Amino acid sequence: MANNLLVSEEKSVSKSVQQMSIEGDEPPSQYIVKGNSFGSKDSCALIPIPIIDVSLLSSEGELEKLRSALSSAGCFQAIGHGMSSSYLEKIREVAKQFFALPEEEKQKYARAVNESEGYGNDRVVSDKQVLDWSYRLSLRVFPEKVRRLSLWPKIPTDFSEKLEEFSTKVKSMMDYLLRCMARSLNLEEGSFLDQFGEESLMLARFNFYPRCSRPDLVLGVKPHTDRSGITVLLQDKEVEGLQVLIDDNWVSVPTMPVAFVVNLGDQMQIMSNGIFKSIMHRVVTNTEKMRMSLAIFNEPDPENEIGPAQGLIDESRPRLYRNVKDYGHINYRCYQEGKIALETVKIADNSD
Ligand SMILES: O=C(O)CCC(=O)C(=O)O
Ligand SMILES: [Fe+2]
C-alpha cells in the first residue's frame with residue numbers, strides 16, 4: 001500500500017460525536033463512507049441468525065448446530081446461558097448511567113492520546129480513516145493485574161462491582177463455549193482453550209451510538225472482523241444496529257433482550273484452521289434513538305504462540321495459517337497500514 005501513510009501521532013477531531021448529535025449537525029466529510037448508502041433496503045431480513053442454547057450443548061444435536069453456525073455464519077445468538085433478563089437489564093442500566101453523566105465527569109476517564117483504554121472516540125491513526133459515529137469506554141478486565149482502575153468510573157457507584165461480576169460470568173461462559181467448539185470438531189476439549197493460557201486477556205468495550213442525522217452516509221462502526229478469540233456482545237434491548245455479512249448480504253441481527261450475540265474472531269479462525277469464520281460486521285446508525293452495546297473480547301495471552309489445532313491439519317486440509325504470537329499487535333499494525341491482518345498470517349502456498 002504505497003500511498004498509505006503510517007502515522008504514529010494520533011490526530012484529534014474538532015467536535016465530538018456527542019456534541020454533533022445533540023446539535024443535529026450534518027456529519028463532516030471525515031465520517032462519510034464514500035460511494036455507499038446504508039438504507040434499510042440493503043439489509044437482508046431473510047437470512048436467519050442461528051440461535052444456540054448453551055444449556056443444551058452437552059447434546060450432540062446442539063453441538064452440531066454450533067459447528068454449523070460457526071462454519072457458515074461465524075456468529076450466533078446465545079440463549080440458555082444462565083443470566084436472567086433482569087440481570088442483563090441491570091448491566092445495560094449501569095452502562096447507560098455512565099454515558100448519561102455530564103461530559104466533564106466522563107472526561108475524568110478520558111482515553112489518553114495513543115492509548116486504547118478509557119473513554120472517548122475512536123483512535124484516529126490516519127488522515128484517510130473514515131470515522132465511526134460512536135463513542136466508547138474501553139477497559140481491560142483480565143488478567144486482574146493489568147486493570148487500570150483509575151479509568152473505571154466511580155459513578156454509578158456500583159459500576160466496578162457490576163463489571164467485575166459480569167465479566168467473570170462471561171469469562172466462564174466463553175471458556176465453556178471454547179471447550180464446546182473443540183468438541184464439535186472432534187478435538188480434545190482443551191485444544192482451543194489451552195492456547196489462551198492462564199493469563200488470557202479480556203477487554204470490555206461499552207459502545208454508545210448517538211442519533212445521527214444521516215444514517216444513509218455514516219456508520220456507527222465500519223465493517224471489520226474482531227481480532228479476538230471470540231466476542232460476546234450484549235446488544236441494546238430494543239434498538240437494532242448490528243449487521244453481519246453472510247453470503248455477501250448485510251443481515252441485521254435482531255435484538256433479543258435475553259440473548260448474547262457471539263461473534264467468532266480472527267484468532268479462532270486461525271486456531272480452527274479456517275473452519276470457523278471470523279464474521280465481518282458493522283453498525284448502522286439511526287435518526288430516532290441512541291443505541292448502546294457492551295462487547296467483551298477474549299484473547300490468548302500475547303506471550304503464547306497460537307496456531308491451527310493439530311487435529312485440524314491433514315492432507316485434505318493443509319495448514320492455512322502460520323503460528324503467531326501477539327496477534328493483537330499484528331492486527332493493529334495492519335489496521336494502520338490498511339492491510340487485512342488475517343491475510344498476512346496466511347500461508348501463501350495454500351491460498352486458493
Ligand atoms: O455495537 C455493536 O453491536 C458491535 C460493536 C462491535 O462490533 C465492536 O465493538 O467490535
Ligand atoms: Fe466488532
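Keep in mind it's a predicted model, so treat the numbers as computed, not measured. Note that ligands are numbered from 1 as they come in the structure, with each ligand's atoms numbered from 1 the same way.
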- Message: With rounding to the nearest 0.5 angstrom, report the OG to CZ distance, Ser116 to Arg140.
- Response: 7.0 Å

- Query: Do Tyr335 and Arg123 pass the side chain to side chain donor-acceptor pair (under 3.5 Å) test, and can you show the C-alpha distance, the side-chain angles, and the key distance before you say yes or no?
  - Reply: CA-CA 11 Å; Tyr335 175 59; Arg123 228 166 131 173; over 6 Å; no

- Using 4.0 Å as the upper bound for N to carboxylate O, is an ion pair formed by Asp175 and Lys171? yes

- Is the centre of the Phe159 ring less than 6.0 Å from the centre of the Tyr109 ring? no

Distance-only donor-acceptor pairs under 3.5 Å for side chains of residues 254-272, two or more places apart:
from   : atom 1 : to     : atom 2 : distance (Å)
Asp266 : OD1    : Thr225 : OG1    : 2.9
Asp266 : OD1    : Ser278 : OG     : 2.7
Asp266 : OD2    : Tyr327 : OH     : 2.6
Gln267 : NE2    : Arg227 : O      : 2.9
Gln267 : NE2    : Glu299 : OE1    : 3.0
Gln269 : OE1    : Ser278 : N      : 2.8
Gln269 : NE2    : Tyr321 : OH     : 2.9
Ser272 : OG     : Met268 : O      : 2.9
Ser272 : OG     : Gln269 : O      : 3.3
Ser272 : OG     : Phe276 : N      : 3.0

- Message: Using a 6.0 Å cut-off, check whether atom CG of Asp314 has over 12 heavy atoms from anything other than its own residue.
- Response: yes

May I have the N/O to N/O pairs between ligand 1 and the protein that fall below 3.5 Å, each with atom names and distance to one decimal?
from     : atom 1 : to     : atom 2 : distance (Å)
ligand 1 : 1 (O)  : Tyr209 : OH     : 2.6
ligand 1 : 1 (O)  : Arg291 : NH1    : 3.0
ligand 1 : 1 (O)  : Ser293 : OG     : 2.7
ligand 1 : 3 (O)  : Arg291 : NH1    : 3.3
ligand 1 : 3 (O)  : Arg291 : NH2    : 2.9
ligand 1 : 7 (O)  : His224 : NE2    : 3.2
ligand 1 : 7 (O)  : His281 : NE2    : 3.0
ligand 1 : 9 (O)  : Arg205 : NH1    : 2.9
ligand 1 : 9 (O)  : Asn207 : ND2    : 3.2
ligand 1 : 10 (O) : Arg205 : NH1    : 3.2
ligand 1 : 10 (O) : His224 : NE2    : 3.2
ligand 1 : 10 (O) : Asp226 : OD1    : 3.3

- Task: Establish, yes or no, whether the cationic atom of Lys65 lies under 6.0 Å from the six-membered ring centre of Phe76 and within 45° of the ring axis.
- Result: no

- Nearby protein N/O/S atoms (those under 2.8 Å) for the Fe ion (ligand 2), with water ignored: His224 NE2, Asp226 OD1, His281 NE2

- Query: Take atom CD in Glu23; do more than 12 heavy atoms of anything else shown fall under 6.0 Å from it?
  - Reply: yes

- Query: Do any pairs count as a ring pair (Phe, Tyr, Trp, His ring centres under 6.0 Å) and have a residue in residues 283-313, sequence neighbours left out, and if so which ones?
  - Reply: none

